[in-house]
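Here is the naming used below: chain letters follow the sequence lines, and residue numbers restart at 1 for every chain. Quantities reported herein were computed from a predicted structural model and do not represent experimental measurements.
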Amino acid sequence: MTWSTVLDAAGGVCLLLGAFMCLAGAVGLVRFPDTLSRLHAATKPQTLGLILVLMGLSLTLRTWAAVTTLVFVGATQFFTSPVTAQLVGRSAYRHRNVRTDLLIVDELSEALARDGGADGDGDGDDARPPASPDAPGPLQP
Amino acid sequence: MTAAFAIAGMLMLAAAAALVLYRVYRGPTNLDRLIATDILLVIVIAGVGMEAAWHKRATSLPLLMVLGIVSFVGGVAIARFMSHDSDREAP
Amino acid sequence: MTDRPTKQGRRHRASRRGGFQPRAIIAVAVAWLFLWDRITWGNIVNGLIVGLVVTLAFPLPSIEFAGHPRPLRVAHLILRFFIDLVVASIQVTRLAFSPKRPRNAVIEVPLRSRSDFYLTITAELNALVPGSVVLDARRSTSTLFLHLLDVGRPGAIEEGRAHVYRVEERVVRALGSDEEIADLERRKREEELA
């Protein structure tokens with residue numbers, strides 16, 4: 001049992017776990033009922049899965065050149081995936097692509113109603129709040 | 001040994017990609033498709049990584065970086081574009 | 001999101017834009033070294049030149065940042081973040097394979113600190129930790145709006161809110177100045193009394 005065997009095994013386990021996380025995210029994407037829930041599936045398991053795959057890859061390759069590149073790829077994903085998620089979430093909410101019947105509390109539409117639709121940052125994309133909770137959401141299957 | 005792990009991982013990724021493509025096909029809104037393609041790019045990155053681990057060569061690593069940045073720029077551009085008009089489809 | 005500032009806002013923004021930004025230049029140079037995988041004098045000089053050109057050609061408003069990082073607390077922040085990320089992934093995975101439908105909520109969380117910088121970092125970290133995605137943020141009041149996944153059981157919403165505050169506290173303690181930390185403590189005590 002040499003070091004390289006141990007590292008290879010650890011790397012392989014990381015690769016498998018990472019692939020499983022990607023699969024879990026994909027299953028969530030298909031099974032969750034509305035866009036915002038799917039967003040959760042898109043951000044968390046995907047980021048962890050990618051980090052695990054990159055870790056497995058650097059444990060397998062074991063060169064500094066590879067490790068620095070992989071750290072860079074991981075950091076890019078880490079900083080960018082919340083940005084995309086927020087843009088999509090904001091857009092989905094403002095276009096009423098929300099299953100309001102699945103929401104227990106909705107304080108954003110209360111806040112938007114309170115400010116009369118203006119969202120206070122003056123960027124001109126103010127929107128009306130989504131329909132009231134008893135109205136069926138637009139995504140009723 | 002790494003090859004076996006990598007192949008098993010690739011099979012899982014293939015299943016994941018199939019599920020994601022189903023979501024791209026189904027929609028129901030373009031935002032769902034955007035989320036799905038975002039995941040698809042992460043799966044492609046993971047798949048290229050698996051290949052690199054399998055053959056133990058680092059030639060495809062720059063590709064990973066490019067894919068990561070493309071997925072971000074593409075995702076943000078489309079999300080910004082779609083935030084201006086309704087993307088709801090007729091039922 | 002779209003920059004459509006008023007006249008006054010534009011003047012304000014212009015004064016904060018541009019100029020020589022040493023921190024940004026060094027960050028670009030470090031990224032450049034990561035890309036080339038090799039630390040040589042040539043790479044360092046090239047990285048600094050690229051950083052200078054990028055910051056002059058595409059200037060961003062510089063962030064007002066008064067604090068200083070504390071290594072131990074930053075390590076704590078990062079460690080806790082990774083634990084949270086793993087917990088979050090397991091939660092989403094379990095939910096993805098379970099037959100029940102998630103019950104969700106959208107909550108409003110006014111942060112205790114008043115800084116774009118902490119707002120951004122708290123939002124970034126919260127997007128990846130258990131059960132929350134940031135939907136919207138208001139700079140004027142440092143308020144975050146989050147979508148919480150699967151909060152069907154009682155008390156889950158309050159727990160989500162408390163979690164955002166804990167992340168914020170960790171961020172400020174790791175990166176803030178002494179006054180900002182004292183400010184946060186004072187607000188916390190006031191809220192507990194109220």
Discussion item. Among B:A15, B:A8, B:A52, which residue has the highest count of heavy-atom pairs closer than 4.5 Å to chain A?
Written reply: B:A52

Rounded to the nearest 0.5 Å, what's the gap from [atom1] on [X] to [atom2] on [Y]? Could you check?
X	Y	atom1	atom2	value
A:T60	B:R57	OG1	CZ	14.0 Å
B:L67	A:Q77	CG	CD	11.0 Å
B:Y22	A:L29	OH	CG	11.0 Å
A:L16	B:M10	CG	CE	12.0 Å
A:L15	B:M12	CG	CE	10.0 Å
B:I69	A:F72	CD1	CZ	6.5 Å

Item to complete: Quick one: do B:L19 and A:R31 satisfy side-chain contact (heavy atoms from CB on, under 4.5 Å)? Show the steps, please.
Response: CA-CA 10 Å; B:L19 289 171; A:R31 291 207 53 218; over 6 Å; no

Heavy-atom proximity to chain B below 4.5 Å, by part of [X]:
X	result
A:L54	side chain
A:V30	both
A:A24	neither
A:L61	side chain

Worksheet, complete the sentence: So, the part of B:L34 with a heavy atom under 4.5 Å from chain A: the answer is side chain

Worksheet entry | Residue that, paired with A:Q46, satisfies side-chain contact (heavy atoms from CB on, under 4.5 Å) out of B:I35, B:I39, B:I45, B:D38 |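 The passing option is B:I39.
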
Worksheet item: What residues of residues 63-71 of chain A sit under 4.5 Å from chain B when you count only heavy atoms?
Response: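 A:A66, A:T69, A:L70, listed by number.
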
Fill in: Heavy-atom closest pair, residues A:C22 and B:A16
O-CB, 4.0 Å

Worksheet item: Which residues from residues 70-77 of chain B are near chain A, with near meaning under 4.5 Å between non-hydrogen atoms?
Response: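 From residues 70-77 of chain B, the residues near chain A are B:F72, B:G75, B:V76.
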
Worksheet entry | Sub-4.5 Å side-chain heavy-atom contact between A:L57 and B:L64 |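 Contact flag for A:L57/B:L64 side chains = yes.
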
